[in-house]
There are 2 protein chains.
Amino acid sequence: MDRRIPVDDRTGIRIVPETIRRSDRPADGHPGSRYGNRPTMKDVAARAGVGLKTVSRVVNGEPGVTPETERRVQEAIDALGFRRNDSARVLRKGRTASIGLVLEDLADPFYGPLSRAVEEVARAHGALLINGSSAEDPDREQELALALCARRVDGLVIIPAGDDHRYLEPELKAGVATVFVDRPAGKIDADCVLSDNYGGARDGVAHLIAHGHRRIGFIGDMPRIHTAAERLRGYRAAMEDAGIPVEDSWMSLGVTDPERVRRAAEEMLTGPSPVTAIFAGNNRVTVTVIRVLAEQTRAVALVGFDDIELADLLQPGVTVVAQDAAAIGRNAAERLFRQLDGTLVTPERIELPTRLITRGSGELPPAD
Amino acid sequence: MDRRIPVDDRTGIRIVPETIRRSDRPADGHPGSRYGNRPTMKDVAARAGVGLKTVSRVVNGEPGVTPETERRVQEAIDALGFRRNDSARVLRKGRTASIGLVLEDLADPFYGPLSRAVEEVARAHGALLINGSSAEDPDREQELALALCARRVDGLVIIPAGDDHRYLEPELKAGVATVFVDRPAGKIDADCVLSDNYGGARDGVAHLIAHGHRRIGFIGDMPRIHTAAERLRGYRAAMEDAGIPVEDSWMSLGVTDPERVRRAAEEMLTGPSPVTAIFAGNNRVTVTVIRVLAEQTRAVALVGFDDIELADLLQPGVTVVAQDAAAIGRNAAERLFRQLDGTLVTPERIELPTRLITRGSGELPPAD
DNA sequence: CCCGGATCTGACAACGTTGTCCAGGCTCTA
DNA sequence: TAGAGCCTGGACAACGTTGTCAGATCCGGG
């Protein structure tokens with residue numbers, strides 16, 4: 001139909017030129033500069049017939065400029081399309097008004113709200129947010145964090161992938177505000193903001209026990225990850241409190257990719273001592289477990305760590321131990337700026353409480 | 001129990017000091033500098049007993065330095081904890097090796113993968129990603145974009161909130177690579193990468209019609225938003241193609257917050273000419289509509305624009321018109337770097353195809 | 001013994017901004 | 001009308017890096 005629009009048959013991608021009224025570039029932007037260069041304050045000053053510093057004053061809204069002069073300068077700015085070069089400004093002033101955020105994976109629904117919360121606080125302090133994903137790789141975390149330090153971010157919010165952060169010591173010493181989030185810093189003292197992973201997991205498992213379960217499975221991440229280890233500890237504590245010996249076949253650690261989670265879940269459901277309930281160590285695990293349970297004939301109870309969207313619409317609704325990602329991010333960012341203020345000096349670890357949200361799946365009775 | 005750990009009773013936040021072995025700050029970091037200052041190449045040069053430029057050479061891996069000299073310099077670098085100041089470097093070199101991403105809301109599950117994809121491409125080109133959320137506010141979008149330009153990002157990926165981007169003209173002229181995403185640029189010519197919103201919506205609605213529906217509702221965002229307008233246009237086209245006159249009461253525009261979506265949905269379900277199917281204009285709308293439909297006694301068909309997690313686990317599974325957020329982000333970022341290469345000069349609009357994923361809710365027959 | 005060339009090193013300017021400081025012109029008062 | 005004081009504007013250095021260029025050093029060969 002649309003004969004005039006080229007369509008790539010294989011990919012279905014449609015491309016149309018957008019050149020309706022491409023503004024032709026002027027032969028030369030402004031006097032004395034190479035093509036593509038931007039005007040500087042010097043150019044503006046020349047055009048307005050004033051001194052360099054006067055332009056600086058106008059740009060920064062400093063007092064001591066006649067309205068008439070200001071008008072002339074403003075005119076020159078608009079005419080040339082001048083925009084202050086913040087790199088130079090940073091170099092001169094020493095503060096960049098930007099903070100860095102190193103997280104694990106921006107695409108993970110847990111980090112979206114967290115990142116947004118950090119950004120919101122940064123914005124309130126007039127700072128921009130630079131962020132990068134470590135992909136759970138310690139080397140990449142370090143590379144990123146140091147690159148951010150080279151940019152001279154004022155502060156750093158880090159969701160650690162590694163467990164040794166001594167590489168940050170020179171930075172801390174140099175005054176880079178730093179807050180660790182979700183997992184504590186390794187081998188250095190630093191502020192950190194965590195969820196109460198241990199308590200949350202313990203409560204979640206205790207909830208299952210309270211509903212009559214004794215054979216409860218645990219599927220979680222590698223215990224070298226702090227959150228995973230803490231949640232496992234919570235699971236064990238709850239079982240021990242109830243006097244239930246844990247069988248090895250009930251625990252699956254270091255497993256997060258869907259296929260392996262599926263296999264792990266299936267194994268603990270069909271093993272010699274089959275579980276009647278599963279505690280899922282994080283949202284990715286929970287999702288896969290839901291899929292597996294949906295295929296089962298008998299009803300298996302489930303409590304997941306981390307809330308998931310639409311959990312309440314499933315049949316049954318998914319009971320979860322929820323963390324407040326936004327609150328964590330907000331807390332961390334606020335601490336960071338308090339470090340920069342000087343209001344905060346002693347590194348602390350704060351743990352935010354989790355919340356058990358009962359929706360049905362965690363209240364199912366055991367069915368053998 | 002934990003009598004030694006202070007717990008705020010109201011918020012449940014637990015705070016413990018992290019000062020186990022706080023490294024005491026040295027009286028003075030390095031000679032001739034204020035406290036808190038970082039060592040510079042000059043300091044390194046002095047300590048290593050070499051010239052400034054030699055340090056620069058070592059830091060940047062330039063040739064022409066004796067192994068012995070290099071060793072001495074490297075030693076001084078490690079001893080002082082030197083880290084190159086990229087602000088100064090940027091000022092000198094003109095390129096920042098960073099790109100900016102202005103999106104609507106990082107917390108929206110659609111933008112997480114998109115952002116991540118952009119970041120991944122940036123990383124492949126050795127660039128960092130600075131991003132900010134416009135919160136759908138045109139002023140904030142402009143403020144952000146210009147702040148990024150002041151930082152002299154090499155390029156800009158923008159998910160527009162406003163519809164007039166002439167404020168970017170000086171930047172484009174100055175050579176800032178720019179790609180608009182998800183919605184086209186307003187009043188300027190620029191590269192843009194979009195989903196085929198019109199075609200996707202048309203297909204989705206046609207799908208409902210093919211299953212026997214004639215009274216089909218549409219709930220979407222304000223038509224001033226390009227995607228919303230296009231999807232509405234797709235809805236109308238499908239209806240017209242089928243010869244079905246659309247009643248005003250079937251359409252609800254400019255409605256995205258849960259309460260109003262709920263009201264809108266309820267109204268079109270109970271009105272004088274009640275719909276038997278609903279087309280939801282975006283993921284937020286879809287989620288709310290699912291909730292409303294779950295409360296209904298009769299089965300109402302649903303097709304949503306944008307995929308949502310767990311959509312396949314609901315009863316019935318949710319049929320959606322899916323966009324590939326990651327592909328969009330990847331495409332946009334790649335175009336951006338091609339602009340920087342010089343490989344790409346003419347602004348184009350590319351439209352990525354959408355995919356109809358049938359899961360059940362869109363295949364329900366009409367029930368009056 | 002000296003010279004040419006290759007190799008290594010460092011002095012210096014420049015990037016664009018801001019802080020400091022001083023000059024010149026104005027107003028106000030005695 | 002002269003002097004004090006204020007207001008405005010500009011010259012200059014500095015921020016930490018890199019590019020340019022020239023000087024220093026070392027080698028072998030004539």
Side-chain angles (χ1 to χ4, degrees), chain A residues 29-30 32-34 36-74 76-77 80-97 149-152 174-175, chain B residues 29-34 36-73 76-77 80-97 147 149-152 174:
Chain A
H30 56 284
S33 77
R34 308 187 300 282
N37 255 15
R38 314 193 58 134
T40 71
M41 284 192 178
K42 207 165 127 190
D43 301 321
V44 174
R47 172 151 183 148
V50 301
L52 180 56
K53 188 57 213 269
T54 302
V55 177
S56 171
R57 275 193 268 261
V58 172
V59 169
N60 295 296
E62 288 169 26
V65 181
T66 331
E68 162 59 13
T69 310
E70 174 163 357
R71 196 190 52 73
R72 283 222 316 285
V73 171
Q74 195 57 56
I77 288 177
L80 296 174
F82 167 81
R83 200 92 61 199
R84 177 179 66 196
N85 184 334
D86 273 357
S87 297
R89 173 170 228 252
V90 159
L91 177 57
R92 186 63 232 251
K93 305 204 71 150
R95 279 271 162 116
T96 55
C149 289
R151 300 288 163 111
R152 296 293 188 269
Chain B
H30 57 283
S33 76
R34 307 189 300 281
N37 255 15
R38 313 193 59 134
T40 72
M41 285 192 178
K42 206 165 128 191
D43 301 319
V44 174
R47 172 149 183 150
V50 301
L52 180 56
K53 187 57 214 266
T54 302
V55 176
S56 172
R57 273 193 269 263
V58 172
V59 169
N60 295 296
E62 288 170 25
V65 181
T66 331
E68 161 60 13
T69 311
E70 174 163 356
R71 195 190 52 73
R72 283 222 316 285
V73 171
I77 288 177
L80 295 174
F82 168 80
R83 200 91 62 199
R84 179 179 63 197
N85 184 334
D86 274 357
S87 297
R89 173 168 226 253
V90 160
L91 177 57
R92 188 61 234 251
K93 304 203 73 149
R95 278 272 162 116
T96 56
C149 289
R151 300 287 163 112
R152 294 295 187 269

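All values reported here derive from a predicted model rather than from experimental measurement. Lettering of chains follows the sequences in order, A, B, ..., and the numbering in each one begins at 1.
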- In whole angstroms, the gap separating C1' of dT17(D) from CG of Asp86(B) amounts to 10 Å
- Quick one: is dT17(C) close enough that its OP1 or OP2 comes under 4.0 Å of any side-chain N or O from Ser56(A)? no
- Note on the structure: From the list Val59(A), Val58(A), Thr54(A), side-chain contact (heavy atoms from CB on, under 4.5 Å) with Met41(A) holds only for Val59(A)
- Message: Just to be sure I understand the rule, does Gly64(A) reach a base, reach only the sugar-phosphate, or reach nothing, if contact means heavy atoms closer than 4.0 Å?
- Response: sugar-phosphate
- Query: Where the side chain of Thr54(A) is concerned, which of dT17(D), dG10(D), dT17(C) is the nearest nucleotide?
  - Reply: dG10(D)
- How many Å lie between NZ on Lys42(B) and P on dT17(D), as a whole number? 11 Å
- Message: Side chain of Arg57(B) only, heavy atoms from C-beta on: which candidate in dT20(C), dT17(D), dG10(C) is closest?
- Response: dG10(C)
- Query: Are the side chain of Arg84(A) and the backbone N or O of Asn60(A) linked by a donor-acceptor pair below 3.5 Å?
  - Reply: no
- Indicate whether OP1 or OP2 belonging to dG9(D) is found under 4.0 Å from a side-chain N or O atom of Thr66(A). yes
- Note on the structure: Closest non-hydrogen atoms of Arg38(A) and Arg152(B), given as atom of the first, atom of the second and distance, are CD-NE, 3.4 Å
- Round to a whole Å and report the spacing from CD of Glu62(A) to C1' of dC7(D). 15 Å
- Considering non-hydrogen atoms only, spot the tightest contact between Leu91(A) and Ala88(B) and give its length. CD1-CB, 3.8 Å
- Note on the structure: Leu52(A) CG to dG9(D) C1', in whole Å, measures 12 Å
- Spacing of Met41(A) atom CE relative to dA11(D) atom C1', expressed in whole Å: 16 Å
- Task: In whole angstrom, give the distance that lies between atom CZ of Arg151(A) and atom P of dT17(D).
- Result: 14 Å
- Calculate the interatomic distance between Arg95(B) atom CZ and dG19(D) atom C1'; express it in whole Å. 18 Å
- Measure from the side-chain heavy atoms of Val50(A) and tell me the nearest of dT18(C), dG10(D), dT18(D). dG10(D)
- Query: For DNA chain C, whose closest nucleotide is more 5', that of Thr69(B) or that of Arg152(B)?
  - Reply: Thr69(B)
- Message: Taking any heavy-atom pair under 4.0 Å as a contact, classify Asn60(A): base, sugar-phosphate, or nothing.
- Response: sugar-phosphate
- Message: Nearest to the side chain of Ala88(A), heavy atoms from C-beta on, is which of dT17(C), dG19(C), dT9(C)?
- Response: dT17(C)
- Query: Thr40(A) side chain: which of dT9(C), dG16(C), dT17(D) is closest?
  - Reply: dG16(C)
- Message: Considering every strand and a 4.0 Å limit on heavy-atom distances, what is the contact class for Val59(B): base, sugar-phosphate, or nothing?
- Response: nothing
- Query: Rounding to a whole Å, what distance do you find between Arg83(A):CZ and dT17(C):C1'?
  - Reply: 17 Å
- Counting any heavy atom closer than 4.0 Å, what does Val90(A) reach on the DNA or RNA strands: base, sugar-phosphate only, or nothing? nothing
- Is there a donor N/O on one and an acceptor N/O on the other, under 3.5 Å, for the side chain of Lys53(A) and the base of dG19(C)? yes
- What nucleotide, of dG9(D), dG16(D), dG19(D), holds the atom closest to the side chain of Leu91(A)? dG16(D)
- Would you say the base of dT18(C) and the side-chain of Arg92(A) have a donor-acceptor pair closer than 3.5 Å? yes
- Item | Closest heavy-atom pair and its distance - Val73(B), Ala48(B) | CA-CB, 4.0 Å
- Which atom of Arg72(B) lies closest to which atom of Val50(B), heavy atoms considered: NH2-CG1, 3.4 Å
